[in-house]
Amino acid sequence: MIQRIRGTNDVLGDDAQAYAALEATSRRILERAGYARIETPTFEATELFARGVGASTDIVQKEMYTISEDGITLRPEGTAPVCRAYLEHGMHKLPQPVKLWYLSSFFRRERPQKGRYRQFWQVGLEAIGSDDPAVDAEAILLLAELLEAVNARGLRLRLSSLGTPATRAEYRAELQRYLRANEDALSEEVRNRIDLNPLRAFDADHPGTRRVMEGAPLLLDRLSAEDREHFEAVKGMLDAAGIAYEIDPTLVRGLDYYTRTVFEFTSDALGAQSGVGGGGRYDGLIEEIGGPHTPGMGWAAGVERMLLASQAPATAPPPLTLYVGYAKPEYRADAFRLAADARRAGHTARVELGGRSVKGQAKQADRAGALYLAMLGDEGVSLRDMQTGEQRDVEPDTVMHHIRGNIL
Ligand code: HAM
């Protein structure tokens with residue numbers, strides 16, 4: 001038997017209901033704040049991610065699903081594609097910032113485990129074209145609201161600032177000097193990455209490396225006056241909104257495009273994959289992919305992880321008003337039409353599709369939780385109230401009238 005690929009999921013039953021409810025909640029919260037929906041293609045030029053996400057990241061180095069002959073890659077994330085669309089559609093001509101949200105699936109060739117999949121879903125937003133710290137604070141607030149609305153448990157918000165690329169470059173050199181001076185105590189992996197990605201040393205579990213990192217210089221202490229001011233403004237607005245956060249100067253995110261604000265929500269209801277959602281500012285990304293200097297800010301949250309972290313009850317589908325059956329095959333077309341008419345009039349209605357006996361149809365209507373069963377036969381329509389068992393013959397075109405008036 002052919003089975004689904006490891007690290008992918010079928011979404012069905014209660015999960016499908018939960019996904020739909022999460023989409024509705026996201027739409028309500030984000031559109032109320034002026035974010036408009038965007039959907040970009042499932043694959044893009046490989047170059048977009050190589051340049052946008054960054055050549056030294058794990059994502060680009062080992063996690064992308066790339067079809068080399070065509071130069072295309074299944075999207076591992078949504079920010080670079082949204083920035084590409086912003087440029088391609090001349091959105092700089094619109095009032096800034098342009099605020100967009102998405103709910104899409106993404107692809108990363110990671111080792112599958114609970115909460116980590118090779119195809120996964122994200123709700124995300126991007127606000128492009130303003131470096132106002134209010135954009136940062138509002139974006140963070142919206143994710144906090146979404147996580148609260150889905151009842152995500154055990155949340156923590158970690159916050160930091162990475163400054164500008166210039167500050168980062170200077171700091172990076174300082175950190176590299178520090179790591180080299182302590183090279184003997186570092187893990188081999190960290191040692192090998194001193195040139196490529198020294199910041200990742202803060203992520204290491206290796207005890208020797210961790211000890212070295214405790215004394216390492218922190219980027220947060222090296223921010224320029226402007227960047228510090230920006231960060232203070234973001235914090236001030238979060239304070240005003242009553243959002244609790246922890247400053248974590250070692251917060252590193254797995255993507256290269258971040259500048260200034262970075263943040264991440266984790267949930268202790270999740271296992272090892274505790275990151276529910278995160279993001280930050282990316283003031284250099286649009287330039288990196290060939291556009292003019294344009295600031296941006298956004299986040300994405302994993303749908304599977306939000307649902308794992310939440311205790312949202314399964315939402316029930318709407319109750320079935322009418323089940324339409326037929327006593328003889330010659331009434332099948334009429335039954336079909338009656339169900340279609342009822343739906344067109346805004347009711348939930350189903351027609352018998354399994355060729356069951358009259359008894360079997362009554363049983364099926366009961367199993368489906370139908371409030372009424374309309375059985376088409378030689379005598380016209382026999383309409384039964386499934387709760388009381390009451391039954392009477394009615395004219396075919398008065399069925400909905402009887403149901404609406406509840407006059408059986
Ligand atoms: P990210 O941190 O790579 O950021 O992913 C955001 C969220 O997607 C994570 O917190 C996690 O919940 C979920 N996620 C990531 N990888 C997986 C996986 N393999 N399986 C299940 N869930 C996963 C970004 O993608 C950035 N584009 C966020 C952003 C938007 N930054 C600025 N704008």
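First listed ligand is number 1; within each ligand, the first listed atom is number 1. These values consider heavy atoms only, across backbone and side chains, with no hydrogens, waters or symmetry-generated copies. If you read the sequence from its start, that first residue is 1, and numbering goes on from there.
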Residues E226, S224; criterion side chain to side chain donor-acceptor pair (under 3.5 Å); working and verdict: CA-CA 5 Å; E226 265 189 331; S224 69; 5.1 Å; no
Side-chain touch L159/L251, heavy atoms, less than 4.5 angstrom: no
Ion pair check, R191 and E183, cut-off under 4.0 Å: no
Identity and separation of the nearest protein heavy atom to atom 8 (O) of ligand 1: Q122 NE2, 3.0 Å
Within-shell test, G124 vs ligand 1, heavy atom, strictly < 4.0 Å: no
Atoms in ligand 1 flagged as close to E77, the criterion being non-hydrogen separation under 4.0 Å: 25 (O), 26 (C), 27 (N)
Under 4.0 Å to a heavy atom of G277 - the qualifying atoms of ligand 1, by number: 10 (O)
pair Y245-I140: side-chain heavy atoms closer than 4.5 Å: no
Heavy atoms of other groups near E31 CD, more than 12 under 6.0 Å: yes
Any F265 heavy atom less than 4.0 Å to ligand 1: no
G278 heavy atom under 4.0 Å from ligand 1: yes
Ligand 1 versus R305: contacting region, heavy-atom distance under 4.0 Å: side chain
Cationic N near anionic O, under 4.0 Å, K363 to D366: no
Proximity winner for atom 26 (C) of ligand 1, if only heavy atoms of Y257, Y117, W299 are counted: Y257
Option whose closest heavy atom lies nearest to atom 21 (C) of ligand 1, chosen from A139, G302, G115: G115
Euclidean distance, L186 CG relative to R193 CZ, rounded to 0.5 Å: 13.5 Å
Numbering as shown, the atoms of ligand 1 that approach Y258 to under 4.0 Å (heavy-atom distance): 26 (C), 28 (C), 29 (C), 31 (N), 32 (C)
Salt-bridge present (E170, R222; N to O < 4.0 Å): no
Atom 14 (N) of ligand 1: the protein heavy-atom neighbour that sits closest, reported with distance to 0.1 Å: F120 CE1, 3.6 Å
Close-contact set for ligand 1 against G279 heavy atoms, below 4.0 Å: 31 (N)
Nearest non-hydrogen protein atom, atom 1 (P) of ligand 1: R253 NH2, 3.5 Å
Note: R84-E47 ion pair, threshold 4.0 Å (strictly below): no
Close N or O approach (Y282, ligand 1; < 3.5 Å): no
Residue-ligand contact W121/ligand 1, heavy atom below 4.0 Å: no
For atom 19 (N) of ligand 1, the protein heavy atom that lies nearest, with its residue and separation: E110 OE2, 2.6 Å
Q96 side chain vs L94 backbone, donor-acceptor pair below 3.5 Å: yes
Pi-cation contact, F106 with R75 (under 6.0 Å, within 45°): yes
E304 N/O to ligand 1 N/O under 3.5 Å: no
Nearest neighbour in protein (non-hydrogen) for atom 32 (C) of ligand 1: G298 O, 3.2 Å
Enumerated ligand 1 atoms positioned under 4.0 Å from heavy atoms of E126: 30 (C), 32 (C), 33 (N)
Atom 9 (C) of ligand 1 [closest protein heavy-atom partner, distance rounded to 0.1 Å]: G275 O, 4.0 Å
Identity and distance of the protein heavy atom lying nearest atom 30 (C) of ligand 1: T79 OG1, 2.9 Å
L125 N/O to ligand 1 N/O under 3.5 Å: no
Atom 12 (O) of ligand 1 [closest protein heavy-atom partner, distance rounded to 0.1 Å]: V276 O, 2.8 Å
Reported CD1-to-NZ distance for the pair I247 and K235, which is rounded to 0.5 angstrom: 4.5 Å
Steps toward ring pair (Phe, Tyr, Trp, His ring centres under 6.0 Å) verdict (Y326, Y331): CA-CA 6 Å; Y326 50 87; Y331 299 118; 8.5 Å; no
Presence of salt bridge, E138 and K99, under 4.0 angstrom: yes
